Amino acid sequence: MIVTRAVVPSLFTVLNVFCGFMSIINASQGQIELAAWFIVLAAMFDSLDGVMARITRSSSQFGVELDSLADVVSFGAAPSLLVYQASFSQLGNVGIALSSLPLIFGAIRLARFNVQLVGFEKDHFKGLPVPIQAITLCAFLLQYYTEGHGLRGWSENALIPLVIVLSLLMVSRVRYVTLPKFSRKDLRSHPWRAIAFSVALALIVISSGRYLFPILLAFVSYGIVRSTIQWIQRLVSPENGLEEESEVSSIDI
């Protein structure tokens with residue numbers, strides 16, 4: 001058996017799906033916080049497999065397909081079961097339907113991504129990335145869920161619209177920027193993106209994770225506001241809107 005450099009990013013993808021499986025096990029046993037942390041850990045491995053693919057120059061269609069299959073488990077099935085066990089199990093059939101949204105819309109989002117993928121380098125995503133949706137739900141539960149008490153007050157009611165909005169954003173046309181690659185070319189092209197990411201990461205570390213949900217919520221909201229402004233601009237000046245759309249059509253995925 002010949003081990004190639006393409007195996008390296010695939011190992012991180014395997015760790016991603018393993019963490020998703022561990023999240024499912026812990027959620028089924030009522031260990032909500034531990035299950036949420038496993039999804040966050042899966043997202044870290046998911047980002048690292050892309051980094052390793054660039055370092056080893058081993059990006060491939062196989063890696064894309066494997067990554068999507070892993071993401072369905074870690075950021076679709078795992079968060080669906082997580083929100084069901086944390087709160088929605090009390091709502092009966094309605095709770096089952098609500099809990100299925102991250103899985104269903106996440107699978108649709110990933111299928112659309114694979115079909116529309118052109119090349120392996122991208123500058124924007126069309127629709128909220130599936131890992132961001134999952135981490136946002138986990139950050140919400142880690143901040144407001146208490147073992148033995150669950151969600152209380154406004155947080156219990158807020159989880160329903162949060163799940164619905166995040167799920168719909170995954171299959172929307174709202175554009176979201178990719179994480180900075182910190183390469184020389186990327187730093188020259190998007191310096192503010194790298195600065196914003198570094199500041200956000202520092203705040204999360206300094207606050208011991210307390211700012212994770214507000215920062216993710218700000219990122220999600222920024223995409224909505226940005227797309228809304230661009231939509232209004234296209235209504236006011238259709239020619240400029242068409243020109244702008246043509247400029248990003250090749251990288252909008």
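Just so it is clear, the values below take in all heavy atoms, side chains as well, and ignore hydrogens, waters and symmetry mates. Keep in mind that this is a model prediction, so the values were computed, not measured.
Of the candidates Ile160, Leu166, Ile164, Val165, Leu162 forms a side chain to side chain contact (heavy atoms under 4.5 Å, CB included) with just one, namely Leu166.
Ser198 places a side-chain N or O within 3.5 Å of a backbone atom of Ala194 that can act as its donor or acceptor partner. A donor-acceptor pair is defined here as one N or O able to donate and one able to accept, closer than 3.5 Å; no such pair exists between the side chain of Gln143 and the backbone of Phe140. A donor-acceptor pair under 3.5 Å is formed between the side chain of Ser28 and the backbone N or O of Ile25. Proximity of a side-chain donor or acceptor of Ser23 to a complementary backbone N or O of Cys19 within less than 3.5 Å is not detected. When atom types are taken as modelled, the side chain of Gln133 and the backbone of Phe75 share a donor-acceptor pair closer than 3.5 angstrom. Put simply, the side chain of Ser227 never gets that close to the backbone of Val174: no donor and acceptor are under 3.5 Å apart. Checking side-chain atoms of Tyr176 against main-chain N and O of Pro129 turns up no donor-acceptor pair under 3.5 Å. Judged by distance alone, the side chain of Asn26 and the main-chain N or O of Met22 form a donor-acceptor pair under 3.5 Å. A donor-acceptor pair is defined here as one N or O able to donate and one able to accept, closer than 3.5 Å; no such pair exists between the side chain of Ser99 and the backbone of Leu81. Within the 3.5 Å criterion, the main-chain N or O of Lys126 finds a donor-acceptor partner in the side chain of Arg112.
In this structure, Leu212 is a member of the same hydrophobic cluster as Ile215, with clusters built from ILVMFWY side-chain heavy atoms closer than 4.5 Å. Residues Phe12 and Leu69 are members of separate hydrophobic clusters, defined by side-chain heavy-atom contacts under 4.5 angstrom among Ile, Leu, Val, Met, Phe, Trp and Tyr. Phe213 is not connected to Tyr222 by any chain of hydrophobic side-chain contacts under 4.5 Å among Ile, Leu, Val, Met, Phe, Trp and Tyr, and they are in different clusters. Leu203 and Val205 fall into different hydrophobic clusters, defined by Ile, Leu, Val, Met, Phe, Trp and Tyr side-chain heavy atoms under 4.5 Å apart, directly or through other members. Val225 and Leu217 are assigned to two separate hydrophobic clusters, defined by single-linkage of ILVMFWY side chains at heavy-atom distances under 4.5 Å.
Aromatic ring pairs are classed by plane angle as parallel below 30°, tilted from 30° to 60° and perpendicular above 60°; the pair Tyr144 and Trp154 is perpendicular.
Counted by atom type alone, Arg175 and Gln230 present one or more donor-acceptor pairs between their side chains at under 3.5 Å.
Smallest separation of non-hydrogen atoms from Ile32 and Leu82: O-CD1, 3.6 Å.
Considering CG of Leu142 and CD of Glu33, their distance stands at 6.5 Å, rounded to 0.5 Å.
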